[in-house]
Number of protein chains: 2
Amino acid sequence: MSDAVDAIIGQWAKERPDVVEDLWPVQLFGRIQRLARVVDKSARAAAAAHGVEHGEFDVLTTLQRSGPPYTLTAGAFLKASMVTSGAITNRIDKMEAKGLVERVRDGDDRRTIKIRLTEHGHEVTRAAFADHLANYAQLLADVDRDLVDKTAEGLRQVLETLGDTTIK
Amino acid sequence: MSDAVDAIIGQWAKERPDVVEDLWPVQLFGRIQRLARVVDKSARAAAAAHGVEHGEFDVLTTLQRSGPPYTLTAGAFLKASMVTSGAITNRIDKMEAKGLVERVRDGDDRRTIKIRLTEHGHEVTRAAFADHLANYAQLLADVDRDLVDKTAEGLRQVLETLGDTTIK
DNA sequence: CTTGATAATCTCAACGTTGAGATAAAAGCA
DNA sequence: TGCTTTTATCTCAACGTTGAGATTATCAAG
């Protein structure tokens, strides 16, 4: 059987037979790209059901899993999120307006801003995260569990080789 | 060894031990998400070196691999690209301004617009695509080839099960 | 202390995408 | 022929992100 990436490579084979040997990374990256799109779209919808953007949901879960006191600096999100500082500021701004988090100035270092999950933020996170996991499970409902594990393990090794070994 | 996703799951295990059993999809999707970001950023830079956006590069290669006469309708890009119609119109607008493609009205159906790769577009595509593949190879330079193939095969099966079987 | 360098966060214009709606042409049907 | 539905593309305001630069605070040296 063949998927969308096979079809794309098949087209290249006809039009540019000279590059076929160099297309093997496309087998991996092309599928990563397509899957990322599908999963992203689905996750976005799941978060939207709780009134939060995908990026905002990322902030919420990062705070939640950091444990008590559910407080992190803006810089911590920068390193954890793979986006730029402007995006983080924007996210926190909107989340503060929604009452999901609050900015707290630190006593020790007045450059840093601590972001704290509010009680309301806790509730939204709990509900949205449950839906998020249910959505993930739904997406993989018809996929063999062993295949998921083996493929995830393969991706882990690729990530390690690429140097993505920490939350940063 | 452990990567960023292991670290994230480790945090969840401490803070929310009740959900650990439901985190297995994260092993797959979390890594797909992170890898997509890394690869995307890299591909974006490679395309930018040739003066084209990532989305524009996608249009160029779609046209190129469609073969002679290197002409597709706007609707074909819609189905192939996983973005909305507004994005396609915007892309074609800018690419037309750059002289990469040209809009040609069809004789048979005057609703459809055919997008044709110009000679300049051909040249840019050839050069950018070569760099693109070199960049891909570079990213996977230190990764075992067999691991890449096996992981790509796993992702293909996931994509198939999710229903992404055609270019559409 | 003072000066310069470093660090953390915010500002803001530009950019690409979204998504609902508009426009216009073709197809189906009476 | 007229009328409605469908199809293809474009319009446009809102949105989140980028990326360079500004701001403010801390640190290191002298």
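Both backbone and side-chain heavy atoms feed into the values below; hydrogens, waters and symmetry mates do not.
Looking at which nucleotide of DNA chain D each of B:A87 and B:T73 is closest to, the 5′-most match is held by B:T73. Nearest-nucleotide mapping onto DNA chain C: of A:R37 and A:D93, the residue sitting toward the 5' end is A:D93.
Note on ring orientation: taking the six-membered ring where Trp is involved, the planes of A:Y136 and A:H132 are tilted (angle from 30° to 60°).
Spacing between atom CG of A:L78 and atom P of D:dT18 amounts to 10 Å, rounded to whole angstrom units. To the nearest angstrom, C1' of D:dT26 lies 14 Å from CD1 of A:I113. With rounding to whole Å, B:E53 atom CD is found 17 Å from D:dT17 atom P. Nucleotide D:dT7 holds its P atom 19 Å from the CD1 atom of B:I88, rounded to whole Å. Whole-Å rounding puts the A:H54 NE2 to D:dT17 C1' distance at 14 Å. Between the CE atom of B:M82 and the C1' atom of C:dT18 there is a distance of 16 Å, rounded to whole Å. We find that NZ of A:K98 is positioned 12 Å from C1' of D:dC15, with the value rounded to whole Å. The distance from atom CZ of B:R44 to atom C1' of D:dT17 is 10 Å, rounded to the nearest whole Å.
Minimum heavy-atom separation, A:V5 to A:G30: CG2-C, 3.8 Å.
B:G86 comes within contact range of at least one nucleobase, with a heavy-atom separation under 4.0 Å. Using a 4.0 Å heavy-atom criterion, one finds that B:R103 contacts the sugar-phosphate atoms exclusively. Counting non-hydrogen atoms under 4.0 angstrom, A:T112 reaches the backbone sugars and phosphates but no base. Within 4.0 Å (heavy atoms only), A:N90 reaches at least one base atom of the nucleic acid.
When the nucleotides C:dA25, D:dT18, D:dT26 are ranked by their closest atom to the side chain of A:R110, D:dT26 comes out on top. Listed nucleotides: D:dT26, D:dC10, C:dC10. Nearest to the side chain of B:S85: D:dC10.
Taking the charged nitrogens against the carboxylate oxygens, B:R156 and B:E153 do have a contact shorter than 4.0 Å, which makes a salt bridge.
Contact check, B:R91 against C:dT17: a side-chain N or O comes under 4.0 Å of OP1 or OP2.
A donor-acceptor contact under 3.5 angstrom links the side chains of A:R31 and A:Q27, judged on distance only. A:D58 and A:S81 share no side-chain donor-acceptor pair at under 3.5 Å.
Side-chain to base pairing of B:R111 with D:dT7: one donor and one acceptor N or O lie within less than 3.5 Å of each other.
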